[in-house]
Amino acid sequence: MTAPSSPFGALQGLRLLEMGQLLAGPFCGQLMADHGCEVIKIEQPGTGDPMRQWGRADKLWWPVVARNKKSVTLNLREAEGQALVKEMVAQADFVLENFRPGTMEKWGLGYDTLKAINPRLIMIRVSGFGQTGPYAAQAGYGSIGEAMGGMRNLAGDPSTPPSRIGLSIGDSLAATYATLGALMALHHRERTGEGQMVDSAIYEAVLAMMESTVPEYTQAGFVRERTGSVLPNVAPSNAYPTRDGDVLIGANQDTVFRRFAAAMGRPELADDPRYASHDARGARQAELDALIADWTRTFAAQDLLDLMAEHGVPAGKIFKAPDMVDDPHYQAREALVKVDHPRFDKLWMQNVFPKLSGTPGQVNWAGPELGQHNDEVYGGLLGKSAQDLAALKRAGIV
């Protein structure tokens, strides 16, 4: 699918000023822009967001995280740059920033200052540890938030040190919660006319995902540890070998296990006291996994997946990018989209999620060039003349 060019979405008519860089803030901006919000990304003249240089191959992260955004250059460290921010704030719905707490205040752009300019303003603040507390002023990357929030301790095999997930999940979770908070604040503003501040901390966004780990400790003295590819006492639910790769099977519910046993040609397993209940299967997890693995390795992966689908047993291949591009379900739901790009002949990327039936978002353009929208924003939105812009550029402000 080629992305259409006309913007629309549930957030059309709203304007967000995005400050900060890398991922924790900008992913929130991406989510908002995906659904029609006008996102004006403010970048340092000459250098821009470091994400422009990131990516495991050919610097391809920027076109995704900056898609649908407008880029303007502005030196926030200078009084003239700060004055321009205040002019834009007067016409904005949201300000998004992910600097270390205190930075915006140092620049004279703290929440109280901006709220005085625009009482309806919603200020979205993303940081490692939040805007308050003894750690607030410390530098906090996503990896540190993942560790402090508890996720890193549970990631990987128990025989190895804690693992990375392989993605910037802490940053993305904080950005997702920031987006959620912004939309909550927007609803409150619709009822009251009042803006507010959204304080999203990376470690807290990770903590929110930690299920019952805290009450397990406080009530029962139990501390969860790494368990590798399984959840203890939940069986069968694992990656099982086939002749051409592993397949994930989740057949741990009693009714599903009965269907799975039938698919194996071993219906008696569902009534065997060793495997007939959730607790019994959990107690013999390794034994049951070994029994299943001996069976699955006789199959080709697709044949096993077809058999699981036939019997209503949840199963799936462990996808990599080539699988995503080729998969018919991805194609039917347009989960991937091809976007126009000045350097690439149609750039593939993930589409907009979630899917809204009446006001779907869409990808209108990939990440812009640095300062691509200076004339549009400073000239059109703020009414600056060409002479004004030229003077600002000479002074290093834009």
Side-chain angles (χ1 to χ4, degrees), residues 15-30 32-33 37-53 62 65-66 69-118 121-128 131 136-137 139-141 171 175 178 182 195 197-200 367-384 388-398:
R15 178 177 292 128
L16 179 149
L17 306 182
E18 178 186 305
M19 299 178 231
Q21 56 191 23
L22 298 175
L23 193 60
F27 184 58
C28 171
Q30 178 196 322
M32 300 285 277
C37 183
E38 180 189 14
V39 175
I40 300 173
K41 181 171 181 64
I42 296 173
E43 301 183 75
Q44 180 69 15
T47 56
D49 191 325
M51 288 300 293
R52 291 179 174 275
Q53 308 303 320
W62 173 259
V65 75
K69 299 178 185 179
K70 298 176 180 178
S71 170
V72 301
T73 52
L74 187 60
N75 189 341
L76 298 175
R77 294 166 177 80
E78 298 293 336
E80 286 182 87
Q82 296 155 11
L84 286 172
V85 167
K86 292 173 182 177
E87 287 188 52
M88 287 188 278
V89 162
Q91 302 183 62
D93 298 283
F94 308 95
V95 164
L96 166 64
E97 64 94 6
N98 70 316
F99 299 112
R100 192 183 302 192
T103 301
M104 293 288 284
E105 285 75 11
K106 180 178 68 176
W107 292 337
L109 299 173
Y111 176 60
D112 289 343
T113 299
L114 301 184
K115 183 181 179 181
I117 297 169
N118 181 355
L121 182 72
I122 296 168
M123 189 170 188
I124 310 163
R125 313 193 75 170
V126 187
S127 61
Q131 300 298 312
Y141 279 174
D171 289 316
M197 185 174 70
V198 177
D199 180 359
S200 181
E369 297 298 313
L370 182 62
Q372 180 176 330
H373 299 92
N374 279 5
D375 289 347
E376 175 184 336
V377 173
Y378 295 133
L381 180 65
L382 300 188
K384 304 299 180 186
D388 292 335
L389 286 175
L392 289 167
K393 186 171 183 179
R394 285 194 301 271
I397 302 302
V398 302

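Just so you know, residue 1 is the first one in the sequence shown, and it goes up from there.
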Undergrad: When rounded to the nearest 0.5 angstrom, what is the spacing between CE in Met104 and CG in Leu109?
TA: 5.0 Å

Undergrad: Using every non-hydrogen atom in the two residues, find where Gly110 and Glu105 come nearest and quote the distance to one decimal.
TA: CA-OE2, 3.8 Å

Undergrad: What are the two closest heavy atoms between Ala178 and Val126, and how far apart are they?
TA: CB-CG2, 3.7 Å

Undergrad: What I'd like to find out is whether the side chain of Gln44 reaches to under 4.5 Å of the side chain of Arg77, using heavy atoms alone.
TA: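 A side-chain contact exists here, since the closest heavy-atom pair is under 4.5 Å.
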
Undergrad: Working to the nearest 0.5 angstrom, can you tell me the gap between Met197 CE and Met123 CE?
TA: 8.0 Å

Undergrad: Could you tell me whether the side chain of Lys70 reaches within less than 4.5 Å of the side chain of Val72, counting heavy atoms only?
TA: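 Not in contact.
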
Undergrad: Are the side chains of Leu392 and Leu84 in contact, using a 4.5 Å heavy-atom criterion?
TA: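 The answer is yes, as the side chains (C-beta and beyond) meet within the 4.5 Å cut-off.
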
Undergrad: How close do Ala92 and Asn118 get, heavy atom to heavy atom, and via which atoms?
TA: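 Closest approach of Ala92 to Asn118: O-ND2, 2.8 Å.
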
Undergrad: Could you list all the side-chain hydrogen bond (donor to acceptor under 3.5 Å, both in side chains) pairs where at least one residue sits in residues 83-101, not counting sequence neighbours?
TA: Glu87-Lys384, Asp93-Arg189, Glu97-Arg125

Undergrad: Please walk me through it: do Leu16 and Ile124 pass side chain to side chain contact (heavy atoms under 4.5 Å, CB included)?
TA: CA-CA 10 Å; Leu16 179 149; Ile124 310 163; 4.0 Å; yes

Undergrad: Is there side-chain contact between Asp388 and Tyr378, with at least one heavy-atom pair below 4.5 Å?
TA: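 SC-SC contact between Asp388 and Tyr378 ruled out.
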
Undergrad: Do Val65 and Asp49 have side-chain heavy atoms sitting under 4.5 Å apart?
TA: no

Undergrad: Evaluate the side-chain proximity of Glu369 to Ser71: yes if any heavy-atom separation is below 4.5 Å, no if none is.
TA: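 No - every pair of side-chain heavy atoms lies 4.5 Å or more apart.
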
Undergrad: How long is the straight-line distance from OH of Tyr111 back to CD1 of Ile122, given to the nearest 0.5 Å?
TA: 8.5 Å

Undergrad: Nearest 0.5 Å please: distance from the CE atom of Met51 over to the CD atom of Gln21.
TA: 10.5 Å

Undergrad: I want to check something: taking the side chain as every heavy atom from C-beta on, are His373 and Pro368 in contact at a cut-off of under 4.5 Å?
TA: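 Heavy-atom side-chain distance check passes, below 4.5 Å.
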
Undergrad: So, the side chain of Lys41 versus the backbone of Gly29: is there a donor-acceptor pair under 3.5 Å, distance only?
TA: no

Undergrad: The criterion is ring-ring contact (aromatic ring centres under 6.0 Å, His included); which residues satisfy it with Phe99, sequence neighbours excluded?
TA: Trp107

Undergrad: Has the side chain of Gln82 got a donor or acceptor atom that lies under 3.5 Å from a matching backbone atom of Leu76?
TA: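 Side chain of Gln82 to backbone of Leu76: a pair is present.
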
Undergrad: I need the Ile117 CD1 to Met88 CE distance, nearest 0.5 Å.
TA: 11.0 Å

Undergrad: Might you point out which heavy atoms bring Leu370 and Gly48 nearest each other, and give the distance in Å?
TA: CD1-CA, 3.7 Å

Undergrad: Looking at side-chain heavy atoms only, is the closest gap between Leu22 and Pro50 below 4.5 Å?
TA: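 Yes; the side chains approach each other to less than 4.5 Å.
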
Undergrad: Of all heavy-atom pairs between Leu389 and Val398, which one has the smallest distance, and what is that distance?
TA: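 Closest heavy-atom pair between Leu389 and Val398: O-CG2, 4.2 Å.
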
Undergrad: Supply the atom-to-atom distance Ile40 CD1 to Met19 CE, rounded to the nearest 0.5 angstrom.
TA: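 If I round to the nearest 0.5 Å, the distance is 10.5 Å.
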
Undergrad: Dump the intermediate steps for side chain to side chain contact (heavy atoms under 4.5 Å, CB included) on Leu74 and Ile397, then the final yes or no.
TA: CA-CA 6 Å; Leu74 187 60; Ile397 302 302; 3.9 Å; yes

Undergrad: Can a donor-acceptor pair be found, under 3.5 Å and without considering hydrogens, that links the side chain of Asp199 to the backbone of Gln131?
TA: yes

Undergrad: Which atom pair, heavy atoms only, marks the closest approach of Met32 to Ala182?
TA: CE-CB, 4.4 Å

